[in-house]
Number of protein chains: 2
Amino acid sequence: MAYRQTNRVKEKLDLRKKEIIKAAREVFAENSYQGTSIKALAKKAKIATGTFYLYFSNKDALINMIVDEMFQELLKSIKNERAKFTDGFDKLKASMEACIKLFIKEKNMAKILLVQVPSVNNAFNAKLVEIENELIKLTKEDLDELKSQGRLPGEDTLVSAMAFVGSFHQVIINWLREGKPENLEEAFETLMKYNIRGLGK
Amino acid sequence: MAYRQTNRVKEKLDLRKKEIIKAAREVFAENSYQGTSIKALAKKAKIATGTFYLYFSNKDALINMIVDEMFQELLKSIKNERAKFTDGFDKLKASMEACIKLFIKEKNMAKILLVQVPSVNNAFNAKLVEIENELIKLTKEDLDELKSQGRLPGEDTLVSAMAFVGSFHQVIINWLREGKPENLEEAFETLMKYNIRGLGK
DNA sequence: TAATAAAGTGAATTGCGATTCATTTTATAA
DNA sequence: TTATAAAATGAATCGCAATTCACTTTATTA
């Protein structure tokens, strides 16, 4: 016998896998998921097309991994920021601020996630919807808590949560798509005011 | 010479074209635009696949015609309802009510337009974005008018308009996707209250 | 009713991009 | 240094769906 994968090689492979993901994020953001062939992706990642399949079973596996990573990062960031507050309104604000900050930091990633929203395949679409619904659910929990404290009017918190998340979604989408509003952080302040009033504080 | 298209035939062709569009709306709503082949569409429309190309130059031409029709219907409906009012807030409410009513009436259509949002091709995507932006623009005009009357705080009306439209968008999307909220008309009332407060009336 | 043109048909073609695979290169260990 | 297994390569294959086209059917008019 002669050859057992050594640590040095393992690290090299790990690195290369990360490079492929990085390249994928870039080309997917430039073109779209659908619009980029494995060939083009491979070119960007500086590997042969066949090599791609040594790292991912297929194109879907790749996009799923990317979306999962994004989702995890988003949730982690939200949880981190929320932990700093106890008041319901503060937590709500912290959540959305975490989103905004992450999107600013990872604009490319956000484009894939939010702008391209490709109906690519059911599994992928379902994942995006799941993320959105998770955010709505988290928001609804905050609203229910505030409502139980008598700090919000007795309206349907599900609809309010959707309105809340939807308003952010729309502004972020437009910012990603056409750069309007120019300053997302500034828009965030307006948006928060809008929604806090909307909730009926 | 022998044969000139007669009126009877012209009408038959017109009818068939409409049937194809109707069938397309149905299958696109069931599966997606991308997910339905011309063959499947033809089957639904009870024509041969080749016949499709006698009516449309290609698949894109079809979806563009459908989206255009939807857009026209939506704008017409909005304008109709708005014309009944002069007060800014009333016009705003009338616009959104017109949207909601049309979406309820044309749920299938709405699914294609809003849920599938396929990144299919740039031209198509651009059209969807255009529709959304048009709505935001119309809303912004209303807000600017209200602002000039001193009936709204001095915040960025573009961001407010996006928040307004986005909140509706989100609720409608969720209603289409998973049937929550169950009663869209009821949600509409909550949403209007939310947004009127949000605007800072 | 016969000649002709429009309308319709669906199997065959085409094109495109994901995936495979025979071959080459690189890394490991005896 | 050599034998062997892993990793990489990219041209060839495969599959799928849009589009075409040779042929059939239907409608019109002389």
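Numbers restart at 1 for each chain; the letters A, B, ... are given by sequence-line order, proteins then strands.
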Specify the separation, in whole Å, of atom [atom1] of [X] and atom [atom2] of [N].
X: A:Lys39; N: D:dA12; atom1: NZ; atom2: C1'; value: 12 Å
X: B:Tyr53; N: C:dT14; atom1: OH; atom2: P; value: 15 Å
X: B:Glu11; N: D:dT28; atom1: CD; atom2: P; value: 12 Å
X: B:Phe56; N: C:dA7; atom1: CZ; atom2: P; value: 15 Å
X: B:Arg4; N: C:dA7; atom1: CZ; atom2: P; value: 11 Å
X: A:Ile63; N: C:dA18; atom1: CD1; atom2: C1'; value: 15 Å
X: B:Leu41; N: D:dT19; atom1: CG; atom2: P; value: 12 Å

Report, one pair per line, the protein and nucleotides 15-17 of chain C atoms (nitrogen or oxygen only) whose separation is under 3.5 Å.
none

Taking only residues two or more places apart in sequence or in another chain, which ones pass side chain to side chain contact (heavy atoms under 4.5 Å, CB included) with [X]?
X: A:Lys39; result: A:Ser37, A:Thr49
X: B:Phe85; result: B:Asp90, B:Lys91, B:Ala94
X: A:Ala187; result: A:Val171, A:Pro181, B:Val159

TODO: May I have the step-by-step check of side-chain hydrogen bond (donor to acceptor under 3.5 Å, both in side chains) for B:Asp156 and A:Thr190, ending in yes or no?
DONE: CA-CA 7 Å; B:Asp156 185 339; A:Thr190 305; 5.7 Å; no
Open item on the list: Measuring from atom OG of B:Ser95 to atom CD1 of B:Ile100, what distance do you get when rounded to the nearest 0.5 angstrom?
Closed with: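 Going from OG on B:Ser95 over to CD1 on B:Ile100, the span is 12.0 Å.
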Give every pair of a protein N or O atom and an N or O atom of nucleotides 7-9 of chain D that lie under 3.5 Å apart, one pair per line with the distance.
from, atom 1, to, atom 2, distance (Å)
D:dA7, OP1, A:Gln5, NE2, 2.4
D:dA8, OP1, A:Arg16, NH1, 3.1
D:dA8, OP1, A:Tyr55, OH, 3.2
D:dA8, OP2, A:Tyr55, OH, 3.0
D:dT9, OP2, A:Ala48, N, 3.0
D:dT9, OP2, A:Thr51, OG1, 2.6

Task: Nearest atoms (heavy-atom pairs only) where A:Lys93 meets A:Phe188 - done: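 Nearest pair, atom of A:Lys93 first, then A:Phe188: O-CZ, 3.9 Å.
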TODO: Output all residues satisfying ring pair (Phe, Tyr, Trp, His ring centres under 6.0 Å) with B:Tyr194, sequence neighbours left out; order by chain, then residue number.
DONE: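 Once residues adjacent in sequence are excluded, B:Tyr194 has no partner under the ring pair (Phe, Tyr, Trp, His ring centres under 6.0 Å) criterion.
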Open item on the list: Taking side-chain hydrogen bond (donor to acceptor under 3.5 Å, both in side chains) as the criterion, tell me which of A:Glu132, A:His169, A:Gln170 meets it with B:Gln170.
Closed with: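 Among A:Glu132, A:His169, A:Gln170, the one meeting side-chain hydrogen bond (donor to acceptor under 3.5 Å, both in side chains) with B:Gln170 is A:Glu132.
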